[in-house]
Student: 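Got a structure for you, questions after.
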Amino acid sequence: MKNELDKIYIPSLGELGTYEKWEKSGYFNPDNLNLPIDAQNYTIILPPPNITAKLHLGHSAMLAIEDLIIRYKRLRGFRTLWLPGTDHAAIATQNVVEKKIFKEQGKTRHDLGRDALLKEVWSFLEKTQGEILIQTRRMGASLDWSRLAFTLDNQRQSAVKLMFKEMYEEGAIYRGERMVNWCPRCHSTLADDEVEYKEEKAKLYWIKYGPFVLATSRPETKLGDTAVAVHPDDIRYQKYIGQELDINGVLGVFKVKVVADKAVEMNFGSGVIKVTPSHSFVDNEIAERHNLPGKKIINEDGEMMANCGKYAGLKTAVAREAIVHDMQEMGLIDHIEEDYIHNSSRCYRCDSVIEPLPSEQWFISVDKKIKRLGNKSLKERAIEAAQQNEITFTPERFKKRYIDWMENLHDWCISRQIWFGHQIPVWYKDAEIYCGLEAPKEAGWKQDEDTLDTWFSSGMWTFSTLGWPDNYVDGKKIGDLAKFHPTQVLETGYEIITLWVSRMIMMSIFALNEVPFSQVYLHGMVLDKDGKKMSKSKGNGIDPLEMIEKFGADAVRLSLLMGFTPGNDSKFSEEKIETKRNFVNKLWNISRFILSSSSLDEKTISLNSTPVSRTLADNWILNSLQKTIESVSKNLDEFNFSIAADILDDFTWNQLADWYLEISKIEKNKDDILIFILRKLLIIWHPFTPFVTEKIWGSFNDSLLMVEKWPELQIINSDFQDKTAVEFKIIQDIIVNIRNARSFNKIEPAKKIQAVIYAHGLEKMLLDNQEIIKNLKTGIESLEIRNEGEKINDAIAITVGNIEIFLLGAMDYEKEKERLLKEKENLNKLVNLQEQKLANPEFVDRAPEKIVSLEKEKLSNYKRDLLKVNKTLQEL
RNA sequence: GGGCGCAUAGCUCAGCUGGUUAGAGCACUUCGUUUACACCGAAGGGGUCCAGGGUUCGAAUCCUUGUGCGCCCACCA
């Protein structure tokens, strides 16, 4: 079969149909690939996008990279699984929906109640999830949709429950009163990374505190103080350490202990701090070290508690004013610093000020020694995995970031006081507590109202999607889990290495005692053209769908793959996509040119074996194709996607299109070679630009390109390879120099000139290629090639190595003189430099011999050229 | 405060373990509608590789200091 191609490639016409063809073929599903039993498996689990909003360009980059890897591996004969899914993103999603409801109906979640709110969330979710899946398909992602998962679907729900239960039974999950970040507005704990810090001005109160004067920004917490602390080395306060002091406060005299702790900085403030163990993280740690009691004085609404006398019931900010007022009357305020700048901690959702509170919460213990992990803790195993390179990072520097973060990890608070998410599978009845997969049968049990941190379920993503726990029987993996876990690569943005990557590693280690992936590849962020983060509120975002409509998915993919190196952010603009669109069109037209040859018949078109090369150019291009295949394969194997694309781009445009196709118009009968190259080229480009390559392939093949075989690395025999490259370079140089000379001398392109070439030993080679030299945009009317001859006056003289070229009939003496003078100057400089270098005994004695001889050769070449130029100049 | 990264052509960036005259795309200048492509072709101009110091026969590349950006973590009483 052979169908004519249109003059310009219009992506929007064919992409949907092409994707449909792929999907219908069933080849996205590894079970349908016709592979030998011993084919290796290759798995990537797609980082599930949040269903809070449509996809942005960051997601597109992720899809482009992962699809590139997967398509490449599929072509190389791996049993590839790329598994799709979405993330319920508990807090984020509930927040979006809450805001929406408040805007539309003026109601809060408490007005609606749990069930009604959840109903709203689910209907919201259905809509955005649909949009996300459409966007993903439009990018060309070859995901196995038959295995689509959601972090909160039924299967994942039962997996999460079991995981919780197992961890609870091992003691890896516990309930306890700990300091948490509490948002009084959302009524929920926040993870450390959900807290944002904002610099702002506040008042700093210097208060009289027994024998001390100390600074505080929160005088109301004085009611909860149980100690003061100083640095152990601070000579000013040595005598107080260990004493118990009576302190005068707004509610009367109370006792504090003086402790010495290194957390206190001597040079900050007065070097004395008050310790409020129940309402400050630092103070809490000090209290733990010194065994100090805590006193809770602020409740979950951010109000002063009953134990605060007349201040009870006041919001903390109000209480602060009142207490400062009273302290001033009592003469307890030394002075007040007005413009004190500090960081206030805020809720990342509602911007409320965070209250650190002791609260009853569920935690994952990262330090507990766990029997099934050989009496190591989750933290130890997770660090070990990176240190011993069970998991490697690209780029490598993120290994350090991961390990540093892991080492400082505190117990992970996994309970959240929101409604959307996995409800904690624990039931209470009076003092009894039950953890299980379902509610106890008897009446009177009440389930814990809290839900789990969203990262708990997404931490299980690599194995919950592969059928854990059903596929894990008596400690043995079966089915998909056995085939596809551990996965090969986790590809994601570097910003969630701590939030997500680390959690997946811990969860997988606990559940399966194996790492979830062997390789972590981290991409950077896609920024706008000014280097700012794209965001909806700033309105600087670029909508991927719009770009796909305009330029095609292939162009969008290429723009995100090229010039994008691992771990580095990339500034992005529409122009970049445009240039890639141009390339896609170029590839289209190259194919169109090759396929439109009238002599192409069915036999040639289906030809798959290496054609015999007949000329130097044939040899050169096949040789070059082979090198390209080799180095593209190597770079893809090493995740150097951008470099691989650059190499391919260079071959396709600068070698094939600019040279070989032009030559093929001169040296005829290259159909077999051209079609051979085209076949290989389409296969290699396919992982980058799947749509256009599949479309072209489909115009002369009945099979699908996506499951073709990657070319063998050795396509031609390697004899004379180097000779070929050198010889063809000479031809190229001759041509370029002639064009150059024409351009410099302003010889009109249409004007035909005569040329005489003295080949000095390369006569035969040049004669073999004289048609090319004559016709390849050099505008030569007659060409004479001889081994040597007399110098021709009245002609533009060019030298290429030993070869002398004279262009007759278009001499402009002034121009030519100018050119030669410039060349002379340049050569003089080079000769000087080179002589200096070679006169340096240290260089000659100590540099490798190869380098020295190379440099010597260079010098003699320069000198020879200089002689020639001088001679010509004289003659002019 | 601790850690990491970046600084190369007007712009966006490549340049791995040091070795021909430092590259690409875009932009710019000149020329060109040759039957694959104007989403094109030919030729060209443009760089003290942030600064200082060091290692080396040789440094954009390695070490060190400084400057200017960016990010991550901790959080200041």
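Proteins get letters first, then strands, A, B, ... in listed order; numbering begins at 1 in each.
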Student: Please step through salt bridge (Lys or Arg N to Asp or Glu O under 4.0 Å) for the pair A:Glu771 and A:Lys668, ending with a clear verdict.
Tutor: CA-CA 11 Å; A:Glu771 287 306 311; A:Lys668 301 283 180 186; over 6 Å; no
Student: Whole Å only: how far is the CD1 atom of A:Ile496 from the P atom of B:C73?
Tutor: 13 Å
Student: Might you list the N or O atoms of the protein lying below 3.5 Å from N or O atoms in nucleotides 16-23 of chain B, with each pair's distance?
Tutor:
| residue | atom | partner | partner atom | Å |
| --- | --- | --- | --- | --- |
| B:U20 | O3' | A:Lys858 | NZ | 2.5 |
| B:U21 | OP1 | A:Lys858 | NZ | 2.3 |

Student: Rounding to the closest angstrom, what is the interatomic distance between B:U61 and B:C6 at atom P?
Tutor: 13 Å
Student: Are A:Asp569 and A:Tyr494 linked by a side-chain donor-acceptor pair shorter than 3.5 Å?
Tutor: yes
Student: Closer to the 5' end of RNA chain B via nearest nucleotide, is it A:Asn408 or A:Lys400?
Tutor: A:Lys400
Student: Rounding to the closest angstrom, what is the interatomic distance between B:U35 and B:C40 at atom C1'?
Tutor: 14 Å
Student: With a sphere of 6.0 Å drawn around NZ of A:Lys824, does it hold more than 12 non-hydrogen atoms of other residues, nucleotides or ligands?
Tutor: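 No, the 6.0 Å shell around NZ holds no more than 12 heavy atoms from other groups.
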Student: Given the P atoms of B:G3 and B:A60, what is the spacing between them in whole Å?
Tutor: 29 Å
Student: At less than 3.5 Å, do the side-chain atoms of A:Arg401 and the base atoms of B:C4 form a donor-acceptor pair?
Tutor: no
Student: In this structure, how many angstroms lie between the P atom of B:G25 and the CG atom of A:Asn654, rounded?
Tutor: 7 Å
Student: B:C39, B:A14, B:U12: which one has an atom nearest the side-chain heavy atoms of A:Arg581?
Tutor: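 Comparing B:C39, B:A14, B:U12 against the side chain of A:Arg581, the answer is B:C39.
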Student: Does A:Tyr205 have any ring-ring contact (aromatic ring centres under 6.0 Å, His included) partners at least two apart in sequence or in another chain, and if so, which?
Tutor: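 ring-ring contact (aromatic ring centres under 6.0 Å, His included) list for A:Tyr205, sorted by chain: empty.
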Student: Under 6.0 Å between ring centres: does that hold for A:Trp685 and A:Phe688?
Tutor: yes
Student: Minimum heavy-atom separation for A:Gly567 to A:Phe398, with atom names?
Tutor: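 Distance-wise, the nearest heavy atoms are CA-CE1, 4.0 Å.
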Student: Taking 4.0 Å as the cut-off, does a side-chain nitrogen or oxygen of A:Thr565 come that near to OP1 or OP2 on B:A14?
Tutor: yes
Student: Can you list the stems that RNA chain B is part of, where a stem is at least 3 pairs in a row, each Watson-Crick or G-U, with both distances below 3.5 Å?
Tutor: B:1-7 with B:67-73, B:10-13 with B:23-26, B:28-32 with B:40-44, B:50-54 with B:62-66
Student: Backbone N or O of A:Ile643 within a donor-acceptor pair of the A:Asn640 side chain at under 3.5 Å?
Tutor: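 Flag not set: sc A:Asn640 to bb A:Ile643 has no pair under 3.5 Å.
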Student: Separation of A:Ile403 atom CD1 from B:C4 atom P, in whole Å?
Tutor: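 One finds 13 Å between P of B:C4 and CD1 of A:Ile403, rounded.
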Student: Which residue in the set A:Lys550, A:Arg557, A:Met547 passes side chain to side chain contact (heavy atoms under 4.5 Å, CB included) when paired with A:Ile577?
Tutor: A:Met547
Student: Between protein and nucleotides 33-37 of chain B, what N or O pairs are separated by less than 3.5 Å?
Tutor:
| residue | atom | partner | partner atom | Å |
| --- | --- | --- | --- | --- |
| B:A36 | OP1 | A:Lys665 | NZ | 3.4 |
| B:A36 | O3' | A:Arg592 | NH2 | 3.1 |
| B:A36 | O2' | A:Asn589 | OD1 | 2.4 |
| B:A36 | O2' | A:Arg592 | NE | 3.3 |
| B:A36 | O2' | A:Arg592 | NH2 | 2.6 |
| B:A36 | N7 | A:Lys665 | NZ | 3.4 |
| B:A36 | N6 | A:Ala657 | O | 3.3 |
| B:A36 | N6 | A:Glu662 | OE2 | 3.1 |
| B:A36 | N3 | A:Asn589 | O | 3.3 |
| B:C37 | O4' | A:Asn589 | OD1 | 3.0 |
| B:C37 | O4' | A:Asn589 | ND2 | 3.3 |
| B:C37 | O2' | A:Asn585 | ND2 | 3.3 |
| B:C37 | O2 | A:Lys586 | NZ | 2.9 |
| B:C37 | N3 | A:Lys586 | NZ | 2.9 |

Student: Counting only side-chain heavy atoms from C-beta out, which of B:C76, B:G32, B:C26 sits nearest to A:Thr579?
Tutor: B:C26
Student: Quantified in whole Å, what is the P atom distance between nucleotide B:A43 and nucleotide B:G54?
Tutor: 44 Å
Student: Would you measure the distance from the C1' atom in B:U65 across to the matching atom in B:C28 and give it in whole Å?
Tutor: 39 Å
Student: For the side chain of A:Ile643, starting at C-beta, report the closest nucleotide among B:G3, B:A14, B:G25.
Tutor: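 The answer is B:A14, which lies nearest to the side chain.
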Student: Please give the distance between the P atoms of B:C49 and B:C72 as a whole number of Å.
Tutor: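 Between the two P atoms, the distance is 32 Å.
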Student: Regarding A:Arg397, tell me which of base, sugar-phosphate or nothing describes its non-hydrogen contacts under 4.0 Å with the strands shown.
Tutor: sugar-phosphate
Student: What is the separation between atom CD on A:Glu574 and atom C1' on B:C11, rounded to the nearest whole Å?
Tutor: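 My rounded result for the distance is 17 Å.
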Student: Looking only at side-chain N and O atoms, does A:Asn654 offer a donor or acceptor that is under 3.5 Å from a partner on A:Asp650?
Tutor: yes
Student: Could you check whether the rings of A:Tyr237 and A:Phe212 sit parallel, tilted or perpendicular, using 30° and 60° as the cut-offs?
Tutor: perpendicular
Student: For B:G19 and B:G70, measure between their P atoms and round to the nearest Å.
Tutor: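 Result for the P pair: 32 Å, nearest Å.
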Student: What pair of heavy atoms forms the shortest contact from A:Glu748 to A:Arg742, and how long is it?
Tutor: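 Here A:Glu748 and A:Arg742 meet closest at O-NH2, 2.6 Å.
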Student: Provide the closest heavy-atom pair for A:Thr652 versus A:Leu656 in the form atom of the first, atom of the second, distance.
Tutor: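 In terms of heavy atoms, the two residues are closest at O-CB, 3.4 Å.
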Student: Is A:Asp646 touching bases, backbone alone, or none of the nucleic acid, heavy atoms closer than 4.0 Å?
Tutor: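 It contacts nothing in the nucleic acid.
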Student: For B:C26 and A:Asn582 - does any side-chain N or O of the residue sit under 4.0 Å from the phosphate oxygens OP1/OP2?
Tutor: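 No.
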Student: Begin from the C-alpha positions of A:Thr628 and A:Leu648 and carry the test side chain to side chain contact (heavy atoms under 4.5 Å, CB included) through to its verdict.
Tutor: CA-CA 7 Å; A:Thr628 303; A:Leu648 250 182; 4.2 Å; yes
Student: Give the rounded distance in Å between these two atoms: CG of A:Asn635 and P of B:A14.
Tutor: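 Rounded to the whole Å, the gap is 15 Å.
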Student: Measure all distances between protein nitrogen or oxygen atoms and nitrogen or oxygen atoms of nucleotides 43-45 of chain B, and list the pairs falling under 3.5 Å.
Tutor:
| residue | atom | partner | partner atom | Å |
| --- | --- | --- | --- | --- |
| B:A43 | O2' | A:Ser743 | OG | 3.1 |
| B:G44 | OP1 | A:Asn740 | ND2 | 3.3 |

Student: Are there over 12 heavy-atom neighbours, none belonging to A:Glu495, within less than 6.0 Å of that residue's CD?
Tutor: yes
Student: Could you list all the salt bridge (Lys or Arg N to Asp or Glu O under 4.0 Å) pairs where at least one residue sits in residues 269-282 of chain A, not counting sequence neighbours?
Tutor: A:Asp225-A:Lys274
Student: Using atom C1' in both nucleotides, what's the gap between B:C63 and B:U56 to the nearest angstrom?
Tutor: 12 Å
Student: How close or far is atom C1' of B:G41 from atom CG of A:Leu776, stated in whole angstroms?
Tutor: 11 Å
Student: Rounded to whole angstroms, how far apart are NZ on A:Lys576 and P on B:C26?
Tutor: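 Computing the A:Lys576:NZ to B:C26:P distance gives 13 Å.
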Student: Establish, yes or no, whether the cationic atom of A:Lys399 lies under 6.0 Å from the six-membered ring centre of A:Phe393 and within 45° of the ring axis.
Tutor: no
Student: Could you state the NZ-C1' distance from A:Lys274 to B:C76, rounded to the nearest angstrom?
Tutor: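 Atom NZ in A:Lys274 sits about 14 Å away from atom C1' in B:C76.
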